[in-house]
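Take a look at the structure below.
Throughout, numbering of the chain's residues begins at 1 and tracks the sequence.
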Amino acid sequence: MNPPKISESEWSVMELLWERSPLTASEVARALLETTGWAENTVRTLLTRLLEKGVLKVSAGSPRLFSPAVSRTDCVQAESSSFMARFFQGATQPLLVHFARNARLSPEEIAELKRVLDESIESQNPN
């Protein structure tokens, strides 16, 4: 199953729960209050949406504890594929060229990118 699309606000909730879970709705609201200013009712609405989308699970009993039902890696992969399809018609090369030309990469990041590309080439040509 591909993870469903989640909004930017929902990502904030998920990032917290991927980092530390399980948490109650009140704990999620307290943890996000400083960075978002959201009221607890707003957080509860986001938690409900995420439950309906199947990306969160909740424990039975009281208090209800929320935790991710999908991994961050799976959600990032789904979002990346969606982004690439929308803006680059699914083509990887124009995406990579765009970011390589427009991102301010450190020498370490450039070296890592080269290493990943070299590994990709080697895996396609196992001589």
Side-chain angles (χ1 to χ4, degrees):
M1 170 188 118
N2 285 337
K5 291 181 62 81
I6 57 178
S7 70
E8 189 173 335
S9 297
E10 292 165 343
W11 265 100
S12 297
V13 173
M14 291 303 296
E15 288 287 2
L16 173 66
L17 290 169
W18 282 317
E19 186 179 312
R20 351 184 287 226
S21 67
L23 295 173
T24 65
S26 295
E27 290 169 331
V28 173
R30 277 194 301 276
L32 293 174
L33 181 61
E34 187 176 320
T35 57
T36 65
W38 295 335
E40 187 165 333
N41 283 344
T42 301
V43 172
R44 288 181 183 277
T45 298
L46 292 169
L47 290 169
T48 299
R49 286 183 196 162
L50 291 164
L51 281 169
E52 290 169 353
K53 291 179 179 186
V55 295
L56 278 186
K57 57 187 174 185
V58 64
S59 67
S62 183
R64 292 174 17 135
L65 296 171
F66 296 87
S67 57
V70 296
S71 72
R72 184 180 191 286
T73 301
D74 288 344
C75 286
V76 167
Q77 187 172 10
E79 287 293 323
S80 298
S81 295
S82 172
F83 175 82
M84 197 164 60
R86 278 189 321 228
F87 295 102
F88 296 93
Q89 292 74 46
T92 305
Q93 188 265 348
L95 170 77
L96 293 173
V97 169
H98 170 79
F99 282 111
R101 287 187 176 146
N102 295 293
R104 295 178 189 260
L105 299 173
S106 69
E108 294 81 17
E109 291 168 326
I110 292 169
E112 175 66 8
L113 183 56
K114 284 180 181 178
R115 185 188 66 73
V116 169
L117 291 172
D118 288 343
E119 285 177 3
S120 178
I121 290 169
E122 289 172 14
S123 70
Q124 292 176 11
N125 301 318
N127 292 336

Any donor-acceptor N/O pair, S67 side chain to S21 backbone, under 3.5 Å: no
Please answer: with hydrophobic residues joined when any side-chain heavy atoms are less than 4.5 Å apart, are V13 and V76 in the same cluster? yes
More than 12 foreign heavy atoms under 6.0 Å from CD of E34: is that the case here? no
Taking all non-hydrogen atoms of both residues, which atom of L16 and which atom of L32 are closest, and how far apart? CD2-CG, 4.0 Å
Basic-acidic side-chain contact under 4.0 Å: E52, R49: no
Which heavy atom in S9 sits nearest to a heavy atom in L46, and how many Å separate them? CB-CD2, 4.0 Å
Measuring from atom CG of L105 to atom NZ of K114, what distance do you get when rounded to the nearest 0.5 angstrom? 11.0 Å
Salt bridge (charged side-chain N to carboxylate O under 4.0 Å, His left out) against E10, all qualifying residues, sequence neighbours excluded: K53
Does any pair with a residue in residues 61-71 pass salt bridge (charged side-chain N to carboxylate O under 4.0 Å, His left out), and if so which ones, sequence neighbours excluded? none
Any non-hydrogen side-chain atom of E112 less than 4.5 Å from a side-chain atom of E109? no
May I ask you to test the F66-L50 pair for a side-chain heavy-atom distance under 4.5 Å? no
Would you check if E119 and S123 make a side-chain contact, meaning some heavy-atom pair closer than 4.5 Å? no
If you draw a 6.0 Å radius around CZ in R115, do more than 12 non-hydrogen atoms from other residues or ligands fall strictly inside? yes
Side-chain contact test, heavy atoms from C-beta onward, threshold under 4.5 Å: evaluate it for W18 versus T73 and give yes or no. no
Determine whether L47 and L17 make a side-chain contact, defined as any pair of heavy atoms from C-beta on separated by less than 4.5 Å. yes
Stepwise side-chain contact (heavy atoms from CB on, under 4.5 Å) test for L65 and T24: CA-CA 5 Å; L65 296 171; T24 65; 3.6 Å; yes
Which residue is it: E15, E19, M14? I am looking for the one with a side chain to side chain contact (heavy atoms under 4.5 Å, CB included) to R72. E15
Atom pair CD/OG of Q124 and S120 - distance to nearest 0.5 Å: 4.5 Å
Once salt bridge (charged side-chain N to carboxylate O under 4.0 Å, His left out) is applied, what residue pairs with a partner in residues 35-48 remain, sequence neighbours excluded? E40-R44
